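Comments concern the structure below.
Numbered from 1 within each chain, the chains take letters A, B, ... in sequence-line order. For clarity, every value in this text was computed on a predicted model and none was experimentally measured.
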Amino acid sequence: MNEPTKQLKDWPLWEVFVRSKQGLEHKHCGSLHAADARQALDMARDVYTRRQEGVSIWVVQSSQIVANRPDEKEELFEPSADKIYRHPTFYDIPEEVGHM
Amino acid sequence: MDRTPYLLHLADNALILGQRNAEWCGHGPVLEEDIALANMSLDLIGQARLLYQEVAKDRGQDCTEDSLAYFRDTAAFRNYTLLELPHSSPVVGYGHAEPDYGVTIVRNFLYSALMVLVWEALQQSKDKTLAAIAEKSFKETRYHLRHSRDWLVRLGDGTDESHRRMQEAVDYLYGFTQEFWTRHPVEEEAVQAGIGVDVSGLRVDWDEIVDSALAEATLRKPAEGGYVSQGKFGHHSEHLDYVLHEMQSLARAHPGATW
């Protein structure tokens with residue numbers, strides 16, 4: 001992954017995750033093409049943090065992300081649709097617990 | 001002492017390179033670089049604005065940052081000649097010049113390698129405002145150096161063609177850096193007053209930055225000698241006229257216009 005790709009047309013796609021000042025987690029904010037990881041970080045800085053969005057950047061090659069198949073949607077996600085009791089909305093959360 | 005000539009030299013450097021690099025806006029080799037170059041242009045124009053505002057404060061009357069940028073003529077500008085050259089090799093006629101990203105990168109590298117040292121030193125300036133501007137600019141310029149050095153190495157140590165073009169750009173531009181080290185009364189006066197930095201004293205550190213990057217990029221450092229440009233004395237190449245014409249024409253056609 002650290003060996004730069006020389007031909008522009010072969011530059012791999014990278015997914016960019018940025019953690020904002022207020023945010024606790026990195027959020028996916030887009031993608032870009034870059035020759036290697038270091039360049040992807042610099043380009044992410046230039047493309048996605050121009051408006052003070054970020055304090056930390058992650059990049060990962062898009063090809064490294066494993067995703068479920070769209071046609072698995074029914075079996076994966078629909079079973080949870082009728083189980084509203086899994087949402088903690090039936091409890092009062094004491095103030096001192098703070099952010100959950 | 002009158003600090004304005006010294007501030008103008010720093011400001012003109014930033015403005016002219018900012019304007020030059022902005023020419024890539026919408027024409028960058030890849031989208032990400034297009035945005036990166038525009039970001040750096042805005043950093044440079046921001047540095048110029050802060051410095052011009054200081055000059056305007058000192059000069060008073062109707063002097064403003066805009067009058068300094070848009071209503072001075074070529075001979076009044078005090079930027080290094082290096083910064084006004086087009087983004088193309090020396091033998092190409094101006095009108096037909098294809099911009100060459102190698103020239104852009106080498107110029108940004110040679111200049112930001114100097115300016116990280118200048119801004120770092122100017123943080124100790126007795127002029128508190130200038131020290132504050134230096135602190136902000138130092139951070140920006142560190143990124144400019146990181147960006148241009150990264151591309152210098154990638155392209156220098158890249159394909160046969162990118163290597164050849166980078167070497168050509170280095171051979172073309174390197175001689176213009178001799179102007180950095182020549183003495184100018186305005187700089188000497190600023191150094192004596194504790195406001196400015198003795199640029200010739202930064203030579204050793206600059207060489208170190210440049211030598212290590214060129215070596216990593218498998219590029220050869222050209223021999224010195226020949227013509228020493230004198231942009232900071234107000235003796236410019238013909239290219240500055242074109243830069244200024246493009247940059248100033250709108251403000252001159254519609255003086256005082258607002259939106």
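- At least one donor-acceptor pair under 3.5 Å links the side chain of B:Glu32 to the backbone N or O of A:His33.
- Annotation: the span from B:Arg146 atom CZ to A:Arg45 atom CZ amounts to 8.5 Å, rounded to 0.5 Å.
- Pairs engaging residues 19-35 of chain A under the salt bridge (charged side-chain N to carboxylate O under 4.0 Å, His left out) rule: none recorded [sequence neighbours left out].
- Scanning both residues, A:Asp42 and B:Tyr143, for their nearest heavy atoms gives O-OH, 3.2 Å.
- Taking 4.5 Å as the limit, some side-chain heavy atom of A:Arg50 sits within range of a side-chain heavy atom of B:Asn39.
- More than 12 heavy atoms of other residues, nucleotides or ligands sit less than 6.0 Å from atom CD of A:Glu75.
- By the 6.0 Å contact criterion, NZ on A:Lys73 is open, its count of non-hydrogen atoms from other residues, nucleotides or ligands being 12 or less.
- Around atom NE2 of A:His28, more than 12 heavy atoms belonging to other residues, nucleotides or ligands sit under 6.0 Å away.
- In terms of heavy-atom proximity, B:Ile35 sits nearest to A:Asp46 at CG2-O, 3.3 Å.
- Residue B:Asp160 places its CG atom among 12 or fewer non-hydrogen atoms of other residues, nucleotides or ligands, all under 6.0 Å distant.
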